[in-house]
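Taking it in order: structure first as C-alpha cells, then the write-up.
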Amino acid sequence: MAQVYERVALIGLGLIAGSMAHAMKRRGLAGHIAGFARTEETRKAAAEIGFVDSVHESAAEAVKGADLVVLAVPVGAMEAVAAEIAPHLAPGATVTDVGSVKQAVIDAVGPHIPEGVHFIPSHPLAGTEHSGPYSGFATLFENRWWLLTPPEGSDPDAVARLRALYEGVGANVDTMEPAHHDLVLAVVSHTPHLIAYTMVGVADHLRRVSQSEVIKYSASGFRDFTRIAASDPTMWRDVFLTNKDATLDILGRFTEELFVLQRAIRMGDGDHLFDYFTRTRAIRRGIIEAGQDTDAPDFGRVRKG
C-alpha cells in the first residue's frame with residue numbers, strides 16, 4: 001500500500017501502539033516509526049522486537065519532525081504529555097490519540113496544541129486483555145471500528161489522511177461527536193468492564209471461603225469475566241474517572257434492569273425471564289452477523305500475525 005505518513009511518533013508502546021506499528025510496517029504506511037515509553041524496560045523491549053525504527057529517551061525528542069503523533073498513554077497522563085511535546089511539534093503535523101474517552105481528552109489535550117497543528121482525537125474499538133510491548137500484533141484492527149471525533153473546524157484533508165491510515169491497517173472508520181462517543185462506549189465497553197471487575201471481586205471473596213473452588217471449577221461465563229477484568233488497571237481507572245457521568249448513567253440503568261430480573265426470579269416469573277433472555281440473545285447474534293465476533297470458543301482472538 002502507499003505510504004500515508006513520512007514519520008510517525010508513537011508516545012506509549014503498549015498493545016495499541018505496538019499493533020499500529022506492526023500493521024504500518026507490514027503495509028508500508030509509514031516511512032519511519034519513532035517511539036517513546038516511560039520505562040527503560042519498555043523502550044528496550046520495543047527496540048528488540050523491532051516494531052519501531054528509533055526509540056527515544058523523551059516524548060519531546062520522539063515527536064520532532066513527525067507528521068503524525070499518536071498519544072497511546074492512559075487518559076490521565078495525556079495532558080502532561082501534550083504539554084511536554086507541544087513546543088516540539090512540526091507545523092502541519094497531526095496529533096491523535098487512542099483513548100477510550102474522548103471529551104476529557106479534548107479538554108485536556110486541545111489547549112496545548114499549537115496553531116498550525118491538527119488535533120484529531122480517535123479511538124480504535126479493538127484490544128485484548130494483554131498489555132505491554134510484547135502484546136501487539138499486526139491484525140488487531142482488521143474489520144474493527146476506529147472512531148474519529150474531529151473537533152469543529154478540523155481540516156478535512158488532515159481528517160481524510162488519518163482515515164486513510166486507519167483504513168490502511170484494516171479498520172472500518174466512522175466519525176462521531178465526542179459526547180455521543182462517550183455515551184456509546186459507556187454502554188459497549190466501560191460499564192461491562194466495571195461489571196466484570198465487580199463479579200471477579202465477588203468471586204474473590206467467595207474463593208476465600210470455598211478454598212479456591214471458584215477458581216478450580218470456573219466455567220466459561222466466569223472465565224469471560226476474568227478475561228475482561230485482566231485489562232490494564234491504570235487505563236481503566238482513568239477511563240472511569242474521566243467518563244464518570246456517562247458510566248454512572250448506564251450503571252444506573254443496569255441496576256434498574258437487575259432489580260426487575262431479581263423480582264422475576266423471586267416471583268417465579270419464568271415467562272418474563274424467557275422473553276428477556278430471548279430478546280437479549282438476539283443482540284449477540286447481531287454482533288456476530290456484523291462481523292465483530294465469531295462463534296469460536298476463543299471469540300476469534302487468536303493472533304494471526
Side-chain angles (χ1 to χ4, degrees), residues 14-16 73-77 98-105 123-132 135 179-267 269 272-284 286-288 292-293 297-301:
L15 168 67
I16 298 299
V73 299
V75 173
V98 294
S100 183
V101 179
K102 291 277 71 78
Q103 190 59 59
V105 168
H123 178 208
L125 305 188
T128 72
E129 68 273 29
H130 303 294
S131 59
S135 61
H180 185 64
H181 166 280
D182 292 350
L183 179 62
V184 170
L185 266 293
V187 175
V188 301
S189 178
H190 302 168
T191 304
H193 274 80
L194 189 62
I195 294 168
Y197 279 117
T198 304
M199 190 62 233
V200 175
V202 169
D204 182 54
H205 286 290
L206 287 174
R207 178 177 60 85
R208 298 172 190 176
V209 175
S210 61
Q211 302 298 318
S212 83
E213 289 174 338
V214 169
I215 303 297
K216 182 177 180 180
Y217 301 121
S218 61
S220 58
F222 185 68
R223 287 198 302 269
D224 292 343
F225 271 128
T226 59
R227 183 192 64 77
I228 296 175
S231 301
D232 179 59
T234 300
M235 180 186 77
W236 283 103
R237 176 201 65 194
D238 289 356
V239 164
F240 292 125
L241 292 179
T242 54
N243 198 26
K244 182 186 302 183
D245 292 343
T247 301
L248 289 175
D249 178 19
I250 301 306
L251 194 60
R253 295 168 187 256
F254 170 80
T255 303
E256 292 171 2
E257 292 280 302
L258 192 59
F259 282 145
V260 172
L261 291 177
Q262 284 178 319
R263 186 178 187 281
I265 293 170
R266 184 178 295 111
M267 302 300 292
D269 190 347
H272 178 86
L273 293 173
F274 182 83
D275 291 344
Y276 191 93
F277 298 155
T278 299
R279 187 170 70 253
T280 54
R281 182 187 186 190
I283 295 176
R284 170 63 185 168
I287 291 172
I288 295 173
Q292 295 304 299
D293 215 332
D298 60 12
F299 299 97
R301 292 186 181 92

On a heavy-atom basis, which atom in Thr198 and which in Leu194 lie closest, and how many Å separate them? OG1-O, 2.8 Å

Scanning both residues in full, the closest heavy-atom pair of Asp182 with Ala246 reads O-CB, 3.7 Å

I'd like to check the side-chain contact (heavy atoms from CB on, under 4.5 Å) partners of Arg263; sequence neighbours left out, ordered by chain and number. Met267

Report the residues that fulfil side-chain contact (heavy atoms from CB on, under 4.5 Å) with Tyr276, sequence neighbours left out, ordered by chain and then residue number. Glu257, Leu261, His272, Arg279, Thr280

Val101 and Val239 have their tightest heavy-atom pair at CG2-O, 3.9 Å

Taking only residues two or more places apart in sequence or in another chain, which ones pass side-chain hydrogen bond (donor to acceptor under 3.5 Å, both in side chains) with Arg253? Asp249

Please report, to 0.1 Å, the donor-acceptor pairs under 3.5 Å made by any side chain of residues 184-192, with sequence neighbours excluded.
| from | atom 1 | to | atom 2 | distance (Å) |
| --- | --- | --- | --- | --- |
| His190 | ND1 | Asn243 | ND2 | 3.0 |
| His190 | NE2 | Ser100 | O | 3.4 |
| His190 | NE2 | Ser100 | OG | 2.6 |
| Thr191 | OG1 | Ala186 | O | 2.8 |

Could you give the distance from CG (Leu183) to OG1 (Thr247), rounded to the nearest 0.5 Å? 9.5 Å

Quick one: list whatever passes ring pair (Phe, Tyr, Trp, His ring centres under 6.0 Å) with Phe240, sequence neighbours left out. Trp236

Run the side-chain contact (heavy atoms from CB on, under 4.5 Å) test against Val73 and tell me which residues pass, sequence neighbours left out. Ile11, Ala77, Met78, Val81

Tell me the closest heavy-atom pair linking Ser135 and His130, and the distance in Å. CB-CB, 3.8 Å

Which heavy atom in Ile16 sits nearest to a heavy atom in Ala126, and how many Å separate them? CD1-O, 3.6 Å

